[in-house]
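A short write-up of the structure that comes next.
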There are 2 protein chains.
Amino acid sequence: MATLLCNERGVKLTAARRQVLELLWESGCPTGAYELIETLQQRNARPVNPPTVYRALEFLITQGFVHKLESRNAYVVCIHPDRRHACIFFICADCGVSAELEDERVADLIDEDANDRLGFHVTGRVVEVQGTCRQCTPAEP
Amino acid sequence: MATLLCNERGVKLTAARRQVLELLWESGCPTGAYELIETLQQRNARPVNPPTVYRALEFLITQGFVHKLESRNAYVVCIHPDRRHACIFFICADCGVSAELEDERVADLIDEDANDRLGFHVTGRVVEVQGTCRQCTPAEP
DNA sequence: GCCGGTATTGTTATGTTATATCATTCGACC
DNA sequence: GGTCGAATGATATAACATAACAATACCGGC
Ligand SMILES: [Zn+2]
Ligand SMILES: [Zn+2]
Ligand SMILES: [Zn+2]
Ligand SMILES: [Zn+2]
């Protein structure tokens, strides 16, 4: 999947990059860079330095395979890396999972505010919601 | 202003806290914690350690006088600290200024998505927009 | 005024996240 | 096989943030 997209785009999903992406898939949760470093280290049975992982993350983010959760300093796989999208992250403060949702309406409102009220030219949006997921929210009485 | 609100709320705007708030007001821009530390150090002509500033920031954020910009690791004064509000930050990548805008509609859409699509209980929202402000955006031809 | 408890600040150390820099290796192409 | 640019390795350090405990300030009751 990511391999295909990389081929199409003429960029290389090298071993290091693929490994980081796999780790994030397996984790399923937003994961910190240093946690990735540790896991990689164990798997490869040799030292992995921060730049290795940060460079891989930079690539994966640029290619749209991974998002950074700014409010957590954590990284998570994108659920639809094949197209540009305006997404919202819902991050559970209890169990740590995050859910990515697409909602053009939010992006449109933001862009509208930017244009009409500020004359601001939008290049990117960070929308991250804190709270508790369904599993971690006790049912209403 | 902040002094009044603190009195109402029965909390103290001590010297350290007031100084940090003043610095942020003067700066007018999102400012990093370590920049605040340096400036404080110079003004007071004595060493200022990180916990001093981080504790002040924590207080100011709790009281709603200051916001943290997660995507910048920077802190900025709130433009309407007297009431709870759902705000959006527009951050210029060029000159660094940020504009805070209130828009309930965005918050409502987010909450709607959270409820209807995820069963997610929202406790907080981070909405930060990257781009260029009016001054830094060349006029259309 | 003094005492005792609580909030705040000082101090030191350390944890966590991220990047700069330069050397080395890899891989495609000629 | 030699050349060039991309990618990785390796070391160091920058930037951001908190833990832990000691010292001090503040405020009530006495
Ligand atoms: Zn995505
Ligand atoms: Zn949860
Ligand atoms: Zn505000
Ligand atoms: Zn600007």
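Order of the sequence lines fixes the chain letters, A, B, ..., with proteins taken first and strands second; residue numbering starts at 1 for each chain.
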- Query: Within the modelled atom types, does a donor on one side and an acceptor on the other bring the side chain of Arg46(A) and the base of dG9(D) under 3.5 Å apart?
  - Reply: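 For Arg46(A), whose side chain was compared with the base of dG9(D), there is no donor-acceptor pair (under 3.5 Å).
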
Separation of [X] atom [atom1] from [N] atom [atom2], in whole Å?
| X | N | atom1 | atom2 | result |
| --- | --- | --- | --- | --- |
| Glu58(B) | dT9(C) | CD | C1' | 14 Å |
| Asn49(B) | dA17(D) | CG | C1' | 13 Å |
| Ile37(A) | dT8(D) | CD1 | P | 15 Å |
| Lys12(B) | dT6(C) | NZ | P | 13 Å |
| Glu70(A) | dA17(D) | CD | P | 12 Å |
| Leu60(A) | dA7(D) | CG | C1' | 14 Å |
| Gln19(A) | dT8(D) | CD | P | 11 Å |
| Arg72(A) | dT16(C) | CZ | P | 15 Å |

For [N], does either OP1 or OP2 sit under 4.0 Å from a side-chain N or O belonging to [X]?
| X | N | answer |
| --- | --- | --- |
| Arg55(B) | dT18(D) | no |
| Asn73(B) | dA17(D) | yes |
| Thr52(A) | dT8(D) | no |
| Lys68(B) | dA17(D) | yes |
| Thr14(B) | dA7(C) | no |
| Arg17(B) | dT9(C) | yes |
| Tyr54(B) | dA15(D) | no |

- Message: For Leu23(A), is there any backbone N or O sitting under 3.5 Å from a side-chain donor or acceptor partner on Ser27(A)?
- Response: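 Side chain of Ser27(A) to backbone of Leu23(A), a donor-acceptor pair under 3.5 Å: no, none is there.
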
- Item | Check: Ala86(B) main-chain N/O paired with Arg125(B) side-chain donor or acceptor under 3.5 Å | no

- Item | Polar contact flag, side-chain donor to acceptor under 3.5 angstrom, Gln63(B)-Arg9(B) |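 A donor-acceptor contact under 3.5 Å links the two side chains.
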
- Query: Counting any heavy atom closer than 4.0 Å, what does Pro47(A) reach on the DNA or RNA strands: base, sugar-phosphate only, or nothing?
  - Reply: nothing

- Message: Using a heavy-atom cut-off of 4.0 Å across all strands, would you classify Tyr75(B) as base, sugar-phosphate, or nothing?
- Response: sugar-phosphate

- Query: Applying the 4.5 Å side-chain criterion to the ILVMFWY set and letting contacts propagate, would Phe120(B) and Phe89(A) be lumped into a single cluster?
  - Reply: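 Shared cluster, no.
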
- Message: Quick check, does Tyr34(A) stack with dT16(C)? I mean ring centres under 5.5 Å and planes off by under 30°.
- Response: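 No; centroid distance or tilt outside limits.
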
- State, to 0.1 Å, how close Val126(A) and Ser71(B) come at their nearest heavy-atom pair, and which atoms those are.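 Reported closest heavy-atom pair: CG2-CB, 4.4 Å.
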
